[in-house]
Amino acid sequence: MVEVFMRGKTHCAAGILAGIQLSIIFSMPVSIINIIASAAFSILPDLDKSNSIISGFIFRKKTSEHIYKLLIYTLNAAIFFMLIKMNADFLVSGIISFFIIIIVEKKVSHYHVRKYLVSFSLLLIALLLIIITNNIFFMFPFVVFAVFPWLKHRNFSHSIIMIFLVYIMMKPIEMISSLDKISVISAFSYGFHILCDMFTRQGVALFYPFSSKKISLGYIKVGGKFSNIIEKILVLLLFIWTFISVAEILGIHII
Ligand SMILES: [Zn+2]
């Protein structure tokens with residue numbers, strides 16, 4: 001399958017490096033938590049795509065496939081036994097349930113069930129956080145992202161409004177915890193993902209919901225050999241830049 005967008009791994013690597021770079025430029029703390037936030041928020045926009053890295057991280061695809069199969073089998077068996085109870089004729093019940101099963105399998109797809117499972121997992125985390133922290137601010141990001149699997153890909157998730165929303169959601173968490181500058185880092189990493197996607201041919205609906213027009217700054221077709229090389233070169237350049245910056249801070253002059 002040809003991926004339409006930059007791959008999750010590239011997003012994650014670029015997000016972490018850009019996060020570190022931002023911290024260095026603006027003299028912000030480079031903590032482990034901030035790096036984790038950078039990594040997470042740089043792949044979170046693609047949560048509206050059920051085969052993305054972040055979606056697989058929240059709920060394993062293999063597990064959701066097993067649950068889906070179990071659900072379908074249980075549903076089919078239930079339909080069959082219900083029909084047998086209603087209609088004593090085994091043959092008639094068998095034929096009717098055969099057709100109902102075909103309809104059920106057509107209507108209930110794995111991706112549909114998967115969306116519920118991803119959303120449900122995030123809501124469960126939100127609930128646990130409320131119980132553990134006794135503070136509603138920790139749950140907001142999880143509740144907002146629980147909606148993501150149901151959104152149209154690349155619209156709301158890849159908009160400027162969402163970057164602000166990430167900042168607004170993370171600010172109270174920063175204030176009530178000791179997580180210094182996590183709101184800026186999170187919003188920046190989220191925005192950096194969108195910026196990277198803007199260089200793909202597909203573009204992003206940056207001004208959603210005011211405009212659904214896809215804005216693109218480049219012609220990179222993701223998934224192709226050329227774009228894979230470009231992605232690697234960009235990450236490498238960013239890595240070298242970050243490496244030099246860190247070395248400068250430590251007093252080692254490379255150039
Ligand atoms: Zn994306």
Side-chain angles (χ1 to χ4, degrees), residues 1-22 35-61 111 114-115 118-119 121-122 141-142 144-170 184-238:
M1 193 184 129
V2 177
E3 284 180 64
V4 184
F5 270 65
M6 244 175 130
R7 291 161 308 164
K9 263 188 277 177
T10 315
H11 269 307
C12 193
I16 292 173
L17 291 169
I20 294 174
Q21 200 53 249
L22 177 89
I35 290 174
I36 292 171
S38 248
F41 280 92
S42 63
I43 49 174
L44 264 168
D46 286 344
L47 188 60
D48 60 5
K49 209 170 69 174
S50 53
N51 61 346
S52 62
I53 281 198
I54 182 72
S55 151
F57 187 75
I58 290 165
F59 208 100
R60 267 187 64 212
K61 209 174 157 200
Y111 283 113
R114 190 171 160 69
K115 281 179 182 186
V118 172
S119 293
S121 307
L122 286 165
F142 292 92
V144 169
F145 284 108
V147 179
F148 266 49
W150 304 94
L151 298 178
K152 205 172 160 217
H153 186 41
R154 295 168 269 156
N155 276 353
F156 185 61
S157 58
H158 288 62
S159 67
I160 290 182
I161 283 197
M162 196 53 214
I163 303 174
F164 281 112
L165 201 60
V166 165
Y167 179 77
I168 293 166
M169 286 190 302
M170 296 306 285
V184 180
I185 297 278
S186 305
F188 173 79
S189 304
Y190 197 93
F192 194 72
H193 173 116
I194 297 172
L195 180 74
C196 290
D197 274 353
M198 274 174 75
F199 285 96
T200 62
R201 201 186 289 174
Q202 296 277 330
V204 291
L206 202 58
F207 300 107
Y208 193 85
F210 306 106
S211 161
S212 298
K213 193 177 182 288
K214 295 265 158 63
I215 294 163
S216 168
L217 297 174
Y219 297 96
I220 299 171
K221 194 180 170 201
V222 175
K225 263 193 189 134
F226 176 69
S227 81
N228 286 353
I229 293 169
I230 295 269
E231 277 181 20
K232 283 196 180 96
I233 291 173
L234 286 175
V235 172
L236 186 69
L237 286 176
L238 200 56

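Hydrogens, waters and symmetry mates play no part in the numbers below; they use all other heavy atoms, side chains included. Start at 1 and go down the list; that is how both ligands and their atoms are numbered.
Closest approach between the Zn ion (ligand 1) and any N/O/S atom of D46 involves OD1.
Take K61 and apply the side chain to side chain donor-acceptor pair (under 3.5 Å) test, not counting sequence neighbours, and it matches Y111. Listed by chain and residue number, nothing satisfies the ring pair (Phe, Tyr, Trp, His ring centres under 6.0 Å) test with Y190 (two or more places apart in sequence, or in another chain).
An angle of 90° is found at the Zn ion (ligand 1) between H158 atom NE2 and D197 atom OD2, rounded to 10°.
Under the 4.5 Å side-chain criterion, counting only non-hydrogen atoms from C-beta, W150 is in contact with K115. Contact of the V166 side chain with the L44 side chain is not registered, since no non-hydrogen atoms from C-beta on lie closer than 4.5 Å.
In summary, an N, O or S atom of H193 is located under 2.8 Å from the Zn ion (ligand 1).
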